[in-house]
Amino acid sequence: MELEEISRNQSFGGQQLRFKHNSSILGCEMTFSIFLPPITSQKDHVTPAPVMYWLSGLTCTDENFVQKAGAQRYAAELGIAIVCPDTSPRGENIPDDSEGAYDMGLGAGFYVDATQDPWVRNYQMYSYVVDELPSVINAEFAIDGSRVSIAGHSMGGHGALTIGLKNPDNFKAISAFSPICSPQNCPWGQKALGLYLGDDKVRWSEYDAVDLVLKNPTQLPVLIDQGENDNFLQDQLKTELLIEATKSTGYPMQIRMQPEYDHTYFFISSFIGDHIKFHAKHLAS
């Protein structure tokens with residue numbers, strides 16, 4: 001698959017790159033960002049790097065995490081590549097919310113494979129993240145495709161949890177900041193799942209982290225940070241439901257409630273070092 005380079009910046013001895021390519025799964029042109037640590041470009045010896053996929057939240061693109069989280073410093077030190085896809089398909093002919101709402105359509109793909117019109121043709125973000133994008137990354141860059149983890153924020157935290165829990169053979173670890181833990185039980189999720197997937201609540205549960213924890217015996221290492229001052233915590237994120245599910249199943253998921261922190265990148269940048277170290281530990285095996 002042909003990639004077109006958009007930008008290239010040196011960062012902590014590694015390279016922060018941005019590309020676009022034509023996605024057959026999404027039926028449009030997509031962008032992604034990738035940080036390659038110094039080990040992938042040494043003059044005498046190139047070492048394939050393990051990789052963490054980062055999924056961003058509502059209204060974001062592939063660039064928010066790259067520019068705001070401060071992850072490159074830790075990824076460079078620990079020799080980890082970071083791939084950041086966009087959050088939805090985009091383009092002139094891509095369907096969007098008819099009223100321009102931020103929680104549906106462009107920027108709000110919810111990392112599901114849509115089954116309903118008009119979304120079904122393009123909104124296949126689950127398959128893009130699980131199948132198509134990794135095949136591009138593994139073919140084009142010095143990446144160790146056997147050592148992969150996944151992380152995300154808010155809607156992207158939901159994506160990281162559900163994709164990781166549904167594909168335990170693909171990933172070594174999962175982490176999330178402020179994830180939507182049970183979209184079938186919150187307004188954001190009910191709207192998106194209803195429009196993308198229709199009225200079949202069984203299909204909704206396939207994209208709900210709480211239900212996946214209750215039904216799936218495989219237990220990947222998981223780290224979650226949630227700010228106690230997050231204004232979305234009670235109505236949208238439903239962290240308490242995930243805590244209850246892990247207790248009932250004995251899932252040793254690490255869920256840390258952080259006093260005074262909110263939903264912003266100030267929160268993410270404060271703890272991203274912990275998350276990169278968590279991924280490095282599990283990617284080393």
Side-chain angles (χ1 to χ4, degrees), residues 1-4 6 18-33 53-64 83-136 150 152-163 166-167 179-209 211-212 232 235-238:
M1 184 175 295
E2 185 175 349
L3 300 181
E4 180 179 339
I6 301 172
R18 192 174 190 227
F19 293 90
K20 59 184 177 180
H21 72 107
N22 289 318
S23 167
S24 59
I25 285 179
L26 302 180
C28 66
E29 186 175 81
M30 288 294 286
T31 62
F32 67 86
S33 294
Y53 284 80
W54 173 271
L55 309 183
S56 287
L58 288 168
T59 75
C60 292
T61 69
D62 58 294
E63 293 190 288
N64 296 74
V83 174
C84 303
D86 202 350
T87 52
S88 75
R90 298 183 195 267
E92 286 187 10
N93 299 316
I94 304 301
D96 194 11
D97 186 87
S98 59
E99 298 179 355
Y102 73 92
D103 57 354
M104 185 66 196
L106 300 184
F110 267 84
Y111 305 101
V112 303
D113 280 351
T115 60
Q116 306 299 302
D117 290 329
W119 317 101
V120 62
R121 171 65 187 91
N122 306 105
Y123 284 76
Q124 304 292 311
M125 286 299 296
Y126 176 88
S127 290
Y128 178 71
V129 172
V130 173
D131 298 317
E132 186 176 32
L133 184 58
S135 70
V136 172
I150 192 165
H153 171 231
S154 194
M155 178 187 72
H158 142 76
L161 287 170
T162 55
I163 288 173
K166 285 163 67 77
N167 299 276
I180 302 171
C181 297
S182 187
Q184 64 184 339
N185 288 299
C186 76
W188 280 344
Q190 290 166 354
K191 177 181 179 179
L193 296 179
L195 289 171
Y196 288 140
L197 304 177
D199 296 330
D200 185 354
K201 299 296 178 65
V202 173
R203 192 177 295 275
W204 288 23
S205 71
E206 296 173 0
Y207 296 102
D208 189 286
D211 270 11
L212 291 172
F232 300 118
D235 292 338
Q236 302 285 9
L237 305 183
K238 303 297 181 182

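Since the model is a prediction, treat every value here as computed from it, not as a measurement.
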Evaluate the criterion side chain to side chain contact (heavy atoms under 4.5 Å, CB included) for residue pair Tyr207 and Gln184; output intermediate values, then yes/no. CA-CA 8 Å; Tyr207 296 102; Gln184 64 184 339; over 6 Å; no
ring-ring contact (aromatic ring centres under 6.0 Å, His included) partners of Phe19, counting only residues at least two apart: Phe32, Phe141
Thr59: partners by side chain to side chain contact (heavy atoms under 4.5 Å, CB included), with sequence neighbours left out: Tyr102
Which atoms form the tightest heavy-atom contact between Pro95 and Pro118, and what is the distance? CG-O, 3.2 Å
Check whether any side-chain heavy atom of Thr61 lies under 4.5 Å from a side-chain heavy atom of Ser56, and answer yes or no. no
Provide the full list of salt bridge (Lys or Arg N to Asp or Glu O under 4.0 Å) pairs with a residue in residues 95-106, sequence neighbours left out, each pair given once. Asp97-Lys191, Asp103-Lys191
On a heavy-atom basis, which atom in Gly107 and which in Ser88 lie closest, and how many Å separate them? N-OG, 2.7 Å
Identify the heavy atoms of Ser33 and Asp62 that sit nearest to each other, and give their distance. OG-OD2, 2.7 Å
side-chain hydrogen bond (donor to acceptor under 3.5 Å, both in side chains) filter on Thr162, not counting sequence neighbours, yields none
Minimal heavy-atom distance between Leu55 and Pro85, with the atoms involved, is CD2-CG, 3.7 Å
Non-neighbouring partners of Tyr128 that pass ring-ring contact (aromatic ring centres under 6.0 Å, His included), sequence neighbours left out: His21
Scanning both residues in full, the closest heavy-atom pair of Gln116 with Gly198 reads CG-N, 3.3 Å
Is there a side-chain contact between Thr87 and Tyr111, using heavy atoms and a 4.5 Å cut-off? yes
Does a side-chain heavy-atom distance below 4.5 Å link Lys166 with Val130? no
What residues form a side chain to side chain contact (heavy atoms under 4.5 Å, CB included) with Cys28, not counting sequence neighbours? Leu26, Met30, Pro89, Ile94
Mind checking side-chain hydrogen bond (donor to acceptor under 3.5 Å, both in side chains) for Asn185 and listing every partner two or more places apart, or none if nothing turns up? Ser182
With Arg90 via salt bridge (Lys or Arg N to Asp or Glu O under 4.0 Å) - residues at least two apart: Asp86
Flag side-chain contact, heavy atom, 4.5 Å: Tyr126 against Asn167: yes
Sort and list the pairs that fulfil salt bridge (Lys or Arg N to Asp or Glu O under 4.0 Å) and have at least one residue in residues 197-208, not counting sequence neighbours. none
Non-neighbouring partners of Asn122 that pass side-chain hydrogen bond (donor to acceptor under 3.5 Å, both in side chains), sequence neighbours left out: none
Within this structure, what is the CE-CG distance for the pair Met104 and Leu58, rounded to the nearest 0.5 Å? 11.0 Å
Say you draw a straight line from CD1 of Ile6 to CD of Glu63; how long is it, rounded to the nearest 0.5 Å? 8.0 Å
Between Phe232 and Cys186, is there a side-chain heavy-atom distance shorter than 4.5 Å? no
Can you name the nearest heavy-atom pair linking Gly152 to Ala160, along with the distance? N-CB, 3.8 Å
Find the distance between NE2 (His158) and CD1 (Ile163) and round it off to the nearest 0.5 Å. 7.5 Å
Nearest 0.5 Å please: distance from the CD atom of Gln236 over to the OG atom of Ser154. 8.5 Å
Determine whether Met125 and Phe110 make a side-chain contact, defined as any pair of heavy atoms from C-beta on separated by less than 4.5 Å. no
Under the ring-ring contact (aromatic ring centres under 6.0 Å, His included) rule, collect the residues that match up with Trp119, sequence neighbours excluded. Tyr123, Tyr196
By side chain to side chain contact (heavy atoms under 4.5 Å, CB included) - contacts of Glu29 (at least two apart): Lys20, Asn22
